[in-house]
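Everything below concerns the one structure shown next.
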Amino acid sequence: MNERFLTFLLLARWSSALLALMYHVRFLAFINYDAVEDKNILLTGLYFLTGLGHESYAIFFILDGILAGLILHRQRSGLAADGASLGRHALKLYRLMLPGLVLGALLDYAGVRLFIGTGVYTDFPEFSTLALGYVPLLGNVFMLQPFVVPNFGGNSMLYLLSYLFWSLVLLVLFVRAAGLPPPWRRLARVALLAAVMLLMPYKFLIWAAIWLAGLGLVFLAESRAWRPPLLPALLLCGATLLLSRVLGPGTRGMEPVLRDWVIQLGFLGAGLGFAAIAWSLFPKRQAWQGESGAYSALREADTWSAQAASFTFFFHFPVIMLLTALGDARLGQPLMQQPTMSASLWFAFLALASVLAALFVTGALAALLRMLAGLAHAMAARRQRRGTLP
């Protein structure tokens with residue numbers, strides 16, 4: 001597959017992860033922008049950039065939708081001999097979920113035991129709530145957050161992982177319905193769509209729509225040779241990001257439910273703006289020659305760097321909350337302080353520590369999986385040798 005496009009996917013994944021991370025670090029480390037005493041253009045730019053947290057979520061969903069679209073397109077074209085499948089892609093989310101839950105449990109329990117009086121775990125109910133115990137843990141293992149149980153621990157990003165998982169599951173069911181006889185096929189698909197529209201919360205529907213936009217982009221790009229020029233796509237993305245950022249302050253007079261709808265749809269617009277850039281860079285058909293595009297894109301998504309970016313995106317909360325509590329209680333770095341030089345260095349340290357934690361966990365997991373694969377291969381070879389002995 002086109003190497004430029006694969007590089008774009010990786011850089012966009014890391015950009016999304018870092019924006020989400022800095023968005024949450026800034027809320028914990030710095031005071032709100034309206035209360036900043038010494039404003040300047042660099043500080044204003046930092047607050048604007050770190051305010052693109054939810055827009056970065058939309059970018060991440062578009063990226064995962066593109067991967068799902070590549071898999072589905074190859075399957076429908078009869079070229080999926082590489083083993084890529086939507087079900088396998090959904091199950092790979094557990095490669096992030098299981099070690100992330102373990103890390104989060106260790107850090108959250110340590111934070112509660114050592115720093116519960118700091119306010120990090122109690123002063124931000126709209127930001128992150130601390131739901132510990134076996135019931136939320138088990139519910140999160142089965143991806144039931146936020147539908148049945150809350151996000152486990154203080155990690156408020158886990159609902160996004162669940163949204164991705166169930167979007168994939170619903171798509172698999174929709175695709176599998178094609179194997180039914182024609183009258184039942186349409187009935188099953190209509191019933192599935194109706195159940196989703198009636199039973200799922202509207203936030204899931206909006207984020208699923210963002211994800212489907214990434215999936216649909218693949219089929220659009222594969223059916224059209226034309227690509228939008230990059231510069232207009234960049235300008236459109238910038239405009240949608242700006243619009244999404246101003247919707248929050250600009251809708252304060254609306255009813256809460258209507259305001260949330262408008263803001264959520266702004267995130268959808270930001271995702272579509274980013275999708276325009278992806279469409280501009282999407283390789284044309286001749287770039288599919290040779291290795292399967294779905295396989296190469298999924299192989300890129302399975303690399304250490306890409307897995308670390310995804311882990312940073314989904315599991316940075318427990319890391320920064322524990323360190324923020326430590327800073328508030330022991331290191332003279334209080335919550336929500338003025339953005340001084342010392343506070344800015346603390347901000348950078350929190351972000352860097354979270355990335356390093358993600359690199360360590362994903363690297364250790366990859367090494368463990370390689371070791372287990374090697375042991376399984378050695379055992380299989382030993383059994384084969386024993387079977388050939390007289």
Side-chain angles (χ1 to χ4, degrees), residues 1-23 40-70 73 206-207 209-250 262-289 293-294 296-297 300-301 303 305-306 309-310 312-313:
M1 191 177 181
N2 187 292
E3 288 297 329
R4 183 180 72 157
F5 189 65
L6 293 178
T7 301
F8 162 75
L9 294 178
L10 179 61
L11 291 177
R13 186 186 295 261
W14 267 111
S15 298
S16 174
L18 293 177
L19 280 174
L21 168 62
M22 292 191 297
Y23 172 66
N40 56 64
I41 188 170
L42 291 178
L43 201 57
T44 300
L46 176 64
Y47 269 80
F48 179 85
L49 181 66
T50 56
L52 294 173
H54 287 89
E55 290 76 11
S56 73
Y57 304 173
I59 291 173
F60 197 93
F61 268 59
I62 291 290
L63 292 171
D64 195 85
I66 289 173
L67 292 178
L70 289 170
H73 183 270
I206 291 175
W207 288 98
I210 297 172
W211 182 78
L212 286 172
L215 186 147
L217 169 66
V218 174
F219 287 85
L220 176 64
E222 283 295 318
S223 62
R224 298 286 186 272
W226 182 81
R227 300 286 184 268
L230 182 58
L231 181 58
L234 289 170
L235 293 176
L236 175 63
C237 184
T240 57
L241 289 175
L242 182 61
L243 176 62
S244 181
R245 282 288 286 114
V246 302
L247 281 178
V262 173
I263 292 174
Q264 297 288 330
L265 289 174
F267 302 151
L268 173 60
L272 293 176
F274 173 76
I277 299 178
W279 186 11
S280 176
L281 297 174
F282 200 95
K284 296 185 178 180
R285 290 183 181 179
Q286 58 267 29
W288 291 113
Q289 294 176 357
S296 57
E300 179 276 327
T303 60
S305 179
S310 297
T312 300
F313 181 82

Testing the basics here: between [X] and [Y], what is the closest heavy-atom pair and its distance to 0.1 Å?
X      : Y      : result
Ala12  : Leu63  : C-CD1, 3.7 Å
Val218 : Ile66  : CG2-O, 3.5 Å
Ala301 : Leu67  : CB-CD1, 3.8 Å
Phe61  : Trp207 : CD2-O, 3.3 Å
Ser244 : Phe267 : OG-CD2, 3.4 Å
Thr240 : Ala270 : OG1-CA, 3.7 Å

Reported [atom1]-to-[atom2] distance for the pair [X] and [Y], which is rounded to 0.5 angstrom:
X      : Y      : atom1 : atom2 : value
Ile277 : Leu231 : CD1   : CG    : 10.5 Å
Glu55  : Cys237 : CD    : SG    : 10.0 Å
Asp64  : Leu215 : CG    : CG    : 9.5 Å
Ser15  : Leu52  : OG    : CG    : 11.5 Å
Leu241 : Leu19  : CG    : CG    : 9.0 Å
Leu235 : Leu230 : CG    : CG    : 9.5 Å

Return yes if some donor-acceptor pair links the side-chain N/O of [X] with the main-chain N/O of [Y] below 3.5 Å, else return no.
X     : Y      : result
Arg4  : Pro283 : no
Ser16 : Arg13  : no
Trp14 : Ser305 : yes

Self-check item: Mutual orientation of the aromatic rings belonging to Tyr23 and His54 [parallel < 30°, tilted 30-60°, perpendicular > 60°]
Solution: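 Ring orientation, 0 to 90° scale: perpendicular.
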Self-check item: Ala276: side-chain contact (heavy atoms from CB on, under 4.5 Å) partners, not counting sequence neighbours
Solution: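 With neighbours one apart ignored, the set is Ala233, Leu236.
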Quiz item: Which pairs count as ring pair (Phe, Tyr, Trp, His ring centres under 6.0 Å) when at least one residue sits in residues 220-248, sequence neighbours excluded?
Solution: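 The answer is Trp226-Trp279.
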Quiz item: Do Leu268 and Leu265 touch side chain to side chain, with heavy atoms closer than 4.5 Å?
Solution: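 Yes, close enough: below the 4.5 Å cut-off.
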Quiz prompt | Side chain proximity check, Leu6 to Glu3, heavy atoms < 4.5 angstrom | solution =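 Yes, close enough: below the 4.5 Å cut-off.
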Exercise. Compute the ring centroids of Phe8 and Phe274, then answer whether they are less than 6.0 Å apart.
Key: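 Yes; Phe274 has its ring centre under 6.0 Å from that of Phe8.
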Quiz prompt | Qualifying residues under ring-ring contact (aromatic ring centres under 6.0 Å, His included), relative to Phe48, sequence neighbours excluded | solution =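 So Phe48 forms no ring-ring contact (aromatic ring centres under 6.0 Å, His included) with any residue.
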